[in-house]
Undergrad: 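Handing you this structure, nothing more for now.
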Amino acid sequence: MHVNGKVALVTGGAQGIGRAFVQALLGKGAKVALLDRNSEAGQESKAALDEQFEAQRTVFIQCDVTDQEQLKGAFKKVIEHFGRLDIVVNNAGVNNEKDWESTIQINLLAANMENYGVRLNTICPGFVNTPILQSIDKEENMGQYYSYKDEIKNMMQFYGVMDPSIIAEGLITIIEDDTLNGEVMKITASQGIHFQEYSQTPFTSSKR
Ligand SMILES: NC(=O)C1=CN([C@@H]2O[C@H](COP(=O)(O)OP(=O)(O)OC[C@H]3O[C@@H](n4cnc5c(N)ncnc54)[C@H](O)[C@@H]3O)[C@@H](O)[C@H]2O)C=CC1
Ligand SMILES: CC/C=C\CC(=O)/C=C/C=C\C=C\C=C\[C@@H](O)[C@@H](O)C/C=C\CCC(=O)O
């Protein structure tokens, strides 16, 4: 699918990886709805992007993705505003080991989107340089894993920390290659963008 002229919705688009996704999609000619629960960061991001791209190509919608009503309302607004919706990027995420139920609810929201006739792929990055990494130093985020914070920092040094732009490059690859469906794209500092390979099994479903 060509990105040019398409409409994308990016959750958690106000900062970090989501912001890089929004920027890359705009760079490829898409119109983008940037959803985030953080209104201040969302508005700041939109203002910064408007300096680089035509303002009417980006809309910020405040939305907490865990609130089904807000989320449905946001999807509706995007379609009303841009007239269509072609690409959904389920990026919003938190690191909160003390409230893992809400972490799952936020981070894995897309799991039930397969019935909408869309291609569904996932991106699994190693460490990426975004504000979420500051949570490693906070007991309120790390909970029982707080004592591993120095170990995690050593891992970050060992494996490397990537720039969000490479994750955005992975997203554009997924959108542009229509053959990709059900794929797990891994992005690491040492191997770059690559795919998880699963061994072939002989059974073929009649439903495929
Ligand atoms: N930074 C990293 O090293 C890695 C991050 N990830 C995942 O990538 C995604 C993006 O992470 P980062 O950009 O690093 O984090 P970040 O903390 O910099 O940005 C996350 C954005 O999501 C928003 N958000 C959080 N909860 C929300 C909610 N309930 N509703 C709407 N918006 C919400 C935040 O306000 C923020 O703007 C997350 O799902 C994270 O788990 C995955 C692997 C590595
Ligand atoms: C620690 C929690 C902080 C934030 C949570 C979050 O949202 C992001 C976590 C991000 C990445 C974690 C990566 C962990 C990687 C390691 O456990 C290894 O599995 C890395 C493996 C391979 C790297 C291979 C390579 O670079 O050569």
Side-chain angles (χ1 to χ4, degrees), residues 9-24 32-46 48-49 60-75 77-78 88-111 121-168 170-171 174 184-197:
L9 179 161
V10 180
T11 70
Q15 65 177 38
I17 297 173
R19 165 103 180 246
F21 285 157
V22 175
Q23 178 134 13
V32 185
L34 183 171
L35 269 59
D36 208 289
R37 69 179 173 186
N38 183 337
S39 174
E40 201 184 327
Q43 281 167 11
E44 268 174 31
S45 271
K46 167 152 170 65
L49 291 161
F60 168 63
I61 301 172
Q62 184 179 16
C63 172
D64 183 333
V65 299
T66 62
D67 182 323
Q68 287 298 307
E69 287 311 307
Q70 280 188 34
L71 192 60
K72 277 188 196 160
F75 271 70
K77 274 186 205 159
V78 176
V88 174
V89 187
N90 175 48
N91 162 78
V94 291
N95 171 28
N96 186 345
E97 292 296 340
K98 285 192 165 170
D99 184 1
W100 58 266
E101 289 98 335
S102 102
T103 300
I104 296 283
Q105 203 186 348
I106 298 170
N107 296 25
L108 297 183
L109 171 84
N121 294 288
T122 193
I123 301 179
C124 298
F127 295 107
V128 186
N129 187 14
T130 75
I132 209 172
L133 294 185
Q134 292 158 15
S135 65
I136 294 167
D137 274 321
K138 296 183 183 149
E139 196 277 333
E140 66 262 33
N141 293 94
M142 297 296 282
Q144 61 182 319
Y145 299 106
Y146 183 65
S147 59
Y148 293 100
K149 67 183 169 69
D150 293 328
E151 194 89 356
I152 294 169
K153 286 180 192 168
N154 288 341
M155 278 171 67
M156 284 166 57
Q157 270 211 311
F158 183 83
Y159 288 120
V161 179
M162 295 174 283
D163 188 83
S165 59
I166 189 181
I167 318 304
L171 173 73
I174 285 176
V184 175
M185 175 184 273
K186 289 163 69 174
I187 308 182
T188 60
S190 69
Q191 293 181 65
I193 297 171
H194 57 290
F195 289 93
Q196 175 68 38
E197 296 204 358

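Atoms within a ligand are numbered from 1 in the order they appear, just like the ligands themselves.
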Undergrad: Looking only at distance, does Leu35 have an N or O less than 3.5 Å from an N or O of ligand 1?
TA: no

Undergrad: I'd like to know whether ligand 1 has Asp36 as a neighbour, heavy-atom separation below 4.0 Å.
TA: yes

Undergrad: Taking all non-hydrogen atoms of both residues into account, name the closest pair between Phe60 and Gln43 and its distance.
TA: CD2-CG, 3.9 Å

Undergrad: Using heavy-atom distances only, which candidate in Val128, Val10, Asn107, Ile187 approaches atom 1 (N) of ligand 1 most closely?
TA: Val128

Undergrad: For ligand 2, which atoms have a heavy atom of Ser190 less than 4.0 angstrom away?
TA: 25 (C), 26 (O), 27 (O)

Undergrad: Nearest non-hydrogen atom to atom 31 (C) of ligand 1 belongs to which of Ser39, Cys63, Gly13, Pro125?
TA: Cys63

Undergrad: Considering Gly42, Ala20, Gly16, Gly93 one by one, which has a heavy atom nearer to atom 20 (C) of ligand 1 than any of the others?
TA: Gly93

Undergrad: Do any N/O atoms on Gln15 end up under 3.5 angstrom from N/O atoms on ligand 1?
TA: yes

Undergrad: Tell me which part of Met155 gets within contact of ligand 2: side chain, backbone, both or neither, using heavy atoms under 4.0 Å.
TA: side chain

Undergrad: Is at least one protein non-hydrogen atom found at under 4.0 angstrom from atom 17 (O) of ligand 2?
TA: yes

Undergrad: May I ask you to list the atoms of ligand 2 that are less than 4.0 angstrom from any heavy atom of Ile132?
TA: 7 (O)

Undergrad: Measuring from atom 23 (C) of ligand 2, which candidate in Phe127, Tyr145, Tyr148, Tyr159 has the nearest non-hydrogen atom?
TA: Tyr159

Undergrad: Atom 44 (C) of ligand 1: which of Gly126, Pro164, Ala74 has the nearest heavy atom?
TA: Gly126

Undergrad: Applying a 4.0 Å heavy-atom criterion (strictly less than), which segment of Leu133 is in contact with ligand 1: side chain, backbone, both, or neither?
TA: side chain

Undergrad: Looking at Lys149 and Glu139, is there a salt bridge between them, counting it only when a charged N and a carboxylate O are closer than 4.0 Å?
TA: no

